[in-house]
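Worksheet: one structure, shown below.
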2 protein chains.
Amino acid sequence: MTESREFLYPSKWLSKASAGDRVTYELRMRIISGQIESGTILSENKLAIDFAVSRSPIREALKILASENIIRLERMGAVVIGLSEIEIEEIYDVRLLIESFVFERLVRIDTNELIKELSKILEMMKVAIKYSDADEFAYQDVLFHETIIRAANHSYILMIWNNLKPVMESFILLSMRMRFKEKVEDFTRIIKNHELYIEAIRTKDRDLMSKSLHENFDDVQGKVEDLWISQQILSKGVVQQND
Amino acid sequence: MTESREFLYPSKWLSKASAGDRVTYELRMRIISGQIESGTILSENKLAIDFAVSRSPIREALKILASENIIRLERMGAVVIGLSEIEIEEIYDVRLLIESFVFERLVRIDTNELIKELSKILEMMKVAIKYSDADEFAYQDVLFHETIIRAANHSYILMIWNNLKPVMESFILLSMRMRFKEKVEDFTRIIKNHELYIEAIRTKDRDLMSKSLHENFDDVQGKVEDLWISQQILSKGVVQQND
DNA sequence: GATATAATACTTGTATACAAGTATACTTAA
DNA sequence: TTAAGTATACTTGTATACAAGTATTATATC
């Protein structure tokens with residue numbers, strides 16, 4: 001059995017987190033990265049030993065990951081589902097659905113504050129690129145979309161986002177780490193797309209929004225590929241440096 | 001302190017359920033029915049005593065209810081959010097969003113099996129009306145929509161549904177119990193609307209689907225009202241007979 | 001060797017114990 | 001009477017223990 005002592009999830013993001021949260025975030029990363037392969041059966045007891053915690057935080061983690069659809073709880077053991085190409089496209093379907101809905105709400109309200117906030121986040125993203133900080137970039141990228149969604153002020157849409165976010169975050173983290181190594185040129189396009197987003201919200205232009213959402217969606221194909229590359233990098237033992 | 005020994009959730013639906021599940025379902029019903037008022041602070045220990053179980057199943061329940069947005073976990077105690085008019089409309093927004101998405105998938109596949117299944121459920125609903133079985137009717141109503149959603153074969157849309165379903169189910173249960181007592185004439189309309197749903201799926205007619213979704217949505221106003229009536233009935237001590 | 005039965009090593013769900021932290025109430029000193 | 005400090009009664013998160021159930025393996029029987 002190959003045991004990994006490296007943690008995939010940025011440890012500084014877990015400074016105040018409980019043991020349960022740590023396990024949840026780390027386990028999620030290992031599943032999404034493919035370090036724990038799809039089909040693997042996870043045992044509460046084994047995980048408790050691996051993470052050097054009791055079964056309580058492990059149980060908590062498994063319940064959450066099951067609700068995120070990346071594992072499946074059965075009578076005996078938790079079966080890893082993971083993220084295949086299909087699931088990633090499905091996640092983007094949902095994001096498209098949510099953000100389209102949100103946009104329809106945004107065209108009816110004042111978005112000046114939101115645009116200011118988004119511009120700030122975009123600046124942050126640029127700085128993250130400048131300093132090749134993949135994790136920070138991923139964080140700001142996720143925050144960008146969350147900020148838009150929050151602006152719609154719709155608690156049940158936010159609920160969906162909260163359910164989707166952790167998986168998205170993990171996926172984007174892995175994707176961005178890989179891109180900083182192998183496809184830095186991608187970031188120009190990503191930044192441009194986010195500028196388009198802001199512009200669409202500012203002008204309340206449905207066509208422009210549709211265009212930027214669509215471009216983002218097209219990017220999925222690339223992102224799916226990213227995950228494979230990311231998994232290959234991991235399996236080769238090229239481990240990520242986080243801080 | 002007024003303690004209720006009556007259970008709101010149909011006990012026969014919990015035959016194989018764990019203590020954690022029982023608490024989750026019952027607590028959800030009490031919150032949505034308004035028996036536990038919005039703003040109330042729930043204590044793990046007090047709940048454990050009330051339900052005569054340990055803190056473990058209570059913790060499990062609170063985590064789930066928090067992910068459903070009907071309570072909010074804070075550093076000290078869980079604050080009840082409940083379902084106000086706004087939340088109910090929001091839930092229907094999401095249902096509309098999901099079912100519209102699902103319909104777009106259904107027009108592209110063979111739906112013969114689905115229609116057969118839905119027709120069967122509709123028959124069941126009619127029988128439930130005939131025997132004034134509110135709980136059975138609610139069950140079949142929820143199942144009707146779940147069956148449609150499942151047919152789309154989209155795991156992340158199903159994930160959203162799974163997150164929304166318990167709250168919907170509780171709400172529909174309460175609403176239908178009330179209607180059987182106070183507004184029996186409603187059921188003719190509900191059945192008709194479901195027939196329209198099936199017809200829309202059969203003919204793959206977008207306009208018809210939009211019409212039936214819209215009618216269902218218009219029904220929300222009535223349903224919100226239902227909850228108030230339901231809450232009044234509860235506060236008057238008129239308790240529901242379940243089996 | 002195949003089949004039934006018993007022993008075992010797991011599994012989950014729940015109860016309980018405890019540490020660390022936080023709000024509330026109660027002092028005590030000014 | 002008020003302010004600061006202290007005690008007390010809560011809170012959460014985690015560890016551990018245990019009961020009941022379920023696979024797996026070993027053993028005995030045919």
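Labels below follow one simple rule: chain letters A, B, ... track the order of the sequence lines, proteins then strands, and each chain is numbered from 1. No hydrogens, no waters, no symmetry mates; every other heavy atom, side chains included, goes into these values.
- The end-to-end axis angle of the helix from C/dG1-D/dC30 to C/dA30-D/dT1, rounded to 10 degrees and based on five pairs per end, is 20°.
- Checked by atom type and distance alone, the side chain of A/Ser33 pairs as donor or acceptor with a backbone atom of A/Met29 at under 3.5 Å.
- The heavy-atom pair separating A/Leu27 from A/Leu62 by the smallest distance is CD2-CD2, 4.1 Å.
- A donor-acceptor contact closer than 3.5 angstrom is absent between the side chains of B/Ser18 and B/Arg22.
- Taking atom NZ of residue A/Lys16 and atom P of nucleotide D/dG13, one finds them 13 Å apart after rounding to whole Å.
- The distance from atom NZ of A/Lys46 to atom P of C/dT11 is 6 Å, rounded to the nearest whole Å.
- As rounded to whole Å, 15 Å separates atom C1' of C/dT12 from atom CD1 of A/Ile41.
- Here A/Ser18 lies in heavy-atom contact (under 4.0 Å) with sugar-phosphate atoms only.
- Side-chain contact check for A/Ile58 versus A/Val53: some heavy-atom pair is nearer than 4.5 Å.
- Using a 4.0 Å cut-off, some side-chain N or O of B/Asn45 falls inside it from OP1 or OP2 of D/dT11.
- Looking at the side chain of A/Ser54, the nearest of the listed nucleotides D/dA23, C/dT16, D/dA15 is D/dA15.
- Taking atom CD on B/Glu44 and atom C1' on D/dT14, their separation rounds to 12 Å, with Å as the unit.
- Relative orientation of the A/Phe51 and A/Phe7 rings is tilted, given thresholds of 30° and 60° on the angle between their planes.
- Considering only heavy atoms from C-beta on, B/Glu68 stays 4.5 Å or farther from B/Leu164 through its side chain.
- Going from atom CE of B/Met76 over to atom C1' of C/dA23 covers 6 Å, rounded to whole Å.
- Between B/Leu42 atom CG and D/dT11 atom P there is a gap of 11 Å when expressed in whole angstrom units.
- For A/Ser43 and C/dT11, the shortest distance from a side-chain N or O to OP1 or OP2 is below 4.0 Å.
- Screening A/Tyr25, A/Tyr9, A/Trp13, A/Tyr139 for a side chain to side chain donor-acceptor pair (under 3.5 Å) involving A/Glu169 leaves a single residue, A/Tyr9.
- For the pair B/Arg75 CZ and C/dG21 C1', the computed distance is 13 Å after rounding to whole Å.
- Nucleotide C/dC10 holds its P atom 14 Å from the CZ atom of A/Arg55, rounded to whole Å.
- Considering only residues two or more places apart in sequence or on other chains, B/Asn153 meets the side chain to side chain contact (heavy atoms under 4.5 Å, CB included) condition with none of them.
- Here the nucleotide nearest the side chain of B/Pro57, chosen from D/dT12, D/dT14, C/dT14, is C/dT14.
- Using a 4.5 Å heavy-atom threshold, the side chains of B/Leu122 and B/Leu118 count as separate.
- Within residues 58-73 of chain A, the residues having any heavy atom under 4.0 Å from DNA chain C are, by residue number, A/Arg59.
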